[in-house]
Number of protein chains: 2
Amino acid sequence: MAQQTSDNVLLIEALFDIFRNHGYEGTTISLLSEVTGLQKSSLYHHFPKGKEDMLKAVVNYVSMQIHQHIITPLLDTQVKPEKRFSNMITTIKAFYSDGRKNCLLNVLNLGDTKPEINKLQNDDYCAWLEALTQLGKEVGMSKQEAIEWSERFIIILEGTLVIQRLTNNKLTFAKQMEYEQKLLHKYLVQ
Amino acid sequence: MAQQTSDNVLLIEALFDIFRNHGYEGTTISLLSEVTGLQKSSLYHHFPKGKEDMLKAVVNYVSMQIHQHIITPLLDTQVKPEKRFSNMITTIKAFYSDGRKNCLLNVLNLGDTKPEINKLQNDDYCAWLEALTQLGKEVGMSKQEAIEWSERFIIILEGTLVIQRLTNNKLTFAKQMEYEQKLLHKYLVQ
DNA sequence: GACACAATACCGAACGTTCGTTATATTGTC
DNA sequence: GACAATATAACGAACGTTCGGTATTGTGTC
């Protein structure tokens, strides 16, 4: 497993940016070499097992980021639920560059899916769902309502990213996220 | 432009199935050769300009299918709006094999997007939006409501496909489509 | 129907290029 | 001088593509 020196983080962020926008098969070592400023063989020094190693490092990195900056804050009951939710929206906006950047979840489950990657991503997705469901219940939803609301939120998130890439309308993402905020507030006032 | 003999349709359907699941860069001529049963050189007989030609044929084919089986029926005011909507859901379910098959819209706007393909797809998306908006107004939505409902429907559709690919839960798609049907009926009884 | 002949459909083998990867050499740092 | 980091050079394999040639089909003539 790659260790987390700050240089390494910069390197992985660069790889991440390519993988999320090109997918696994669309990402070439040459491209990664270009964007990192390292020669191809230098990349193999950091990731001896090659391309798949690079992908795994990225997926693990993103997984950590999600837990640290999204899921954990969502579960922090010392903060008001609506505040936690709006904090999450803010984090998400940054994470996806207001919808200009794609989601790894989407792009890595095309073609010949790698089971281990899929499992890791599915686990993260479930953890996110659970955290959201918890929050939903806190604002007064029934368990069933909360589950469906959570799933629908992430579906909207993923769908919005797809459509914004299609239309190039920078406002789509912001609009949908705003809509989700209002939707939560409706539950609050009930 | 490829003409529409029934053999050609079968050929293009086979190409379509690969492109939608592997994306442009993930699709190889060898794979297309395998799935069509034609040798690589034979594929070049049908599509002299190669891979890009094959993609264009597929995109055009899908565009025609969408207009013929989705958009045109949506605008047929001789049928009740709710019936037209549920017909569309049925068509969509078949088109995406209950969520097991992916959407070209998603997969072709990754990496180095081809402007002409993007434009064609964006036009289809807009046409679909307009048809849905029209239907929304028929069931009593305000223009603004109808526009937002349409956009949200397609976002849900795309998002659902992403999540179902992630979780492999065959019910996600059906559940979300059912939810959308209920949502429309709420407007009807108002 | 039989024949000639062009058009269409298909194939096997090879092309040059780029892929992911590796072996070897050079640099920088302690 | 040891060791990590980067670079140069090359590898076999797969990529998309092209070409020469063979079946198969369609068409006009007798």
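Computed from heavy atoms alone, side chains included, the values below leave out hydrogens, waters and symmetry copies. Chain identifiers are assigned alphabetically (A, B, ...) following the order of the sequence lines, protein sequences preceding nucleic acid strands; residue numbering begins at 1 within each chain.
Evaluation of the salt bridge (charged side-chain N to carboxylate O under 4.0 Å, His left out) rule for K182(A) yields no partner, not counting sequence neighbours. Remark: R20(B) pairs with no residue by the salt bridge (charged side-chain N to carboxylate O under 4.0 Å, His left out) rule, at least two apart or across chains. Taking E151(A) as the reference, K175(B) meet the salt bridge (charged side-chain N to carboxylate O under 4.0 Å, His left out) condition, with sequence neighbours excluded.
Between S42(B) and the phosphate of dC11(C), there is a side-chain N or O to OP1/OP2 separation shorter than 4.0 Å.
Using modelled atom types, no side-chain atom of K56(A) and backbone atom of E116(A) make a donor-acceptor pair closer than 3.5 Å. At least one donor-acceptor pair under 3.5 Å links the side chain of H67(A) to the backbone N or O of S63(A). Using a distance-only test at 3.5 Å, with no hydrogens or angles considered, a donor-acceptor pair links the side chain of N118(B) to the main chain of L166(A).
Taking the six-membered ring where the residue is Trp, Y24(A) and F19(A) present parallel rings, their angle staying beneath 30° rather than reaching 60°.
For the pair L38(A) CG and dT8(D) P, the interatomic distance rounds to 12 Å; values are reported in whole Å. dA7(C) atom C1' lies 14 Å from atom NE2 of H46(B), rounded to whole Å. As a whole-Å value, the separation of L55(B) CG from dT17(D) P is 12 Å. Here dA14(D) presents its P atom at 14 Å from CG of L31(B), a figure rounded to the nearest Å.
Along DNA chain D, the nucleotide nearest H45(A) and the nucleotide nearest Q39(A) are compared for position; the residue whose nucleotide lies closer to the 5' end is H45(A).
Pairs engaging residues 86-109 of chain A under the salt bridge (charged side-chain N to carboxylate O under 4.0 Å, His left out) rule: D17(A)-K101(A) [sequence neighbours left out].
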Output one line per pair: protein atom, nucleotide atom from nucleotides 28-30 of chain C, and distance, for all N/O pairs under 3.5 Å.
none

Pairs under 3.5 Å (N/O, protein and nucleotides 19-25 of chain C):
residue, atom, partner, partner atom, Å
dC19(C), OP2, S30(A), OG, 3.1
dG20(C), OP1, T27(A), O, 3.1
dG20(C), OP1, K51(A), NZ, 3.0
dG20(C), OP2, I29(A), N, 2.7
dT21(C), OP2, Y44(A), OH, 2.4
dT21(C), OP2, K51(A), N, 2.9
dT21(C), O5', Y44(A), OH, 2.9

